[in-house]
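Structure, as structure tokens:
Keep in mind that the numbers below use all heavy atoms, side chains included, and drop hydrogens, waters and symmetry copies.
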Amino acid sequence: MRDHRRALIDGLLNLAIFLETHPDVPTSSGLTLRHIPERASDEDLRAEIDRIAAILGSRVDAGNSPYDHYATSIHFGPVEYRAVAIPAAARALYDAESSYRGCIEPNA
């Protein structure tokens, strides 16, 4: 677990150095790093987001998305760290909506 964390931190630092030393490379106006906890019960997922919110000192956004995601975030200027729990009902709805992906070809 720590290996992927260290690799992410190193990658972010290297990206920042690269962008600093290459001002001709275009960038977007912001960046969001998302953490989505492993699938668990909705109660466990909410508890994990509550735990992260306590660490961040941020509030929880509950149900403010089309899929009732449970999330918290913190901003560092235009950079956001966002932790999002996706409840079982939202995952099921997404799976149902996506079930025909790739099966229908629009008229060309």
Side-chain angles (χ1 to χ4, degrees):
M1 179 160 151
R2 289 290 176 195
D3 290 341
H4 81 272
R5 182 183 182 86
R6 182 75 256 159
L8 175 64
I9 292 167
D10 289 346
L12 289 169
L13 291 170
N14 288 329
L15 174 61
I17 292 166
F18 177 82
L19 293 174
E20 181 71 26
T21 59
H22 295 86
D24 54 326
V25 173
T27 63
S28 66
S29 60
L31 172 71
T32 299
L33 173 67
R34 285 183 184 80
H35 167 69
I36 300 174
E38 295 292 323
R39 287 188 180 193
S41 71
D42 288 354
E43 182 178 291
D44 288 344
L45 291 172
R46 285 189 299 272
E48 175 66 0
I49 298 304
D50 290 340
R51 184 186 76 78
I52 294 168
I55 294 168
L56 301 179
S58 60
R59 65 180 179 79
V60 171
D61 296 324
N64 292 329
S65 76
Y67 290 98
D68 292 326
H69 293 169
Y70 193 80
T72 191
S73 65
I74 188 170
H75 288 85
F76 303 91
V79 177
E80 176 188 31
Y81 171 86
R82 184 167 188 78
V84 181
I86 304 172
R91 291 190 307 267
L93 178 59
Y94 177 81
D95 289 344
E97 290 175 344
S98 302
S99 64
Y100 287 96
R101 184 173 291 137
C103 295
I104 300 171
E105 293 185 30
N107 294 333

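- Shortest non-hydrogen contact noted between S29 and P78 is O-CB, 3.2 Å.
- Hydrophobic clustering (ILVMFWY, side-chain heavy atoms < 4.5 Å, transitive): L56 and L8 are in one cluster.
- Of the listed residues (L33, I74, D61), just one forms a side-chain contact (heavy atoms from CB on, under 4.5 Å) with R82, and that residue is D61.
- Electrostatic pairing of D10 and R6 counts as a salt bridge here, judged by a charged N lying under 4.0 Å from a carboxylate O.
- When all heavy atoms of L45 and E38 are compared, the closest pair comes out as CD2-O, 3.3 Å.
- With Y81 as the partner, the side-chain contact (heavy atoms from CB on, under 4.5 Å) test is satisfied by one option alone out of I52, T32, T72: I52.
- When all heavy atoms of A71 and I49 are compared, the pair lying nearest together is C-CG2, 3.9 Å.
- The two residues D68 and P87 come nearest to each other via the heavy atoms O-CG, 3.4 Å.
- In summary, R51 and E48 engage in a salt bridge, as defined by a charged side-chain N under 4.0 Å from a carboxylate O.
- Here the straight-line distance linking atom CD of E20 with atom CG of L15 works out to 11.5 Å at 0.5 Å rounding.
- Atom CG of L19 sits about 10.5 Å away from atom CG of D24, to the nearest 0.5 Å.
- A single hydrophobic cluster is seen to contain both L12 and F76, as judged by linkage of ILVMFWY side chains at heavy-atom distances under 4.5 Å, directly or through other members.
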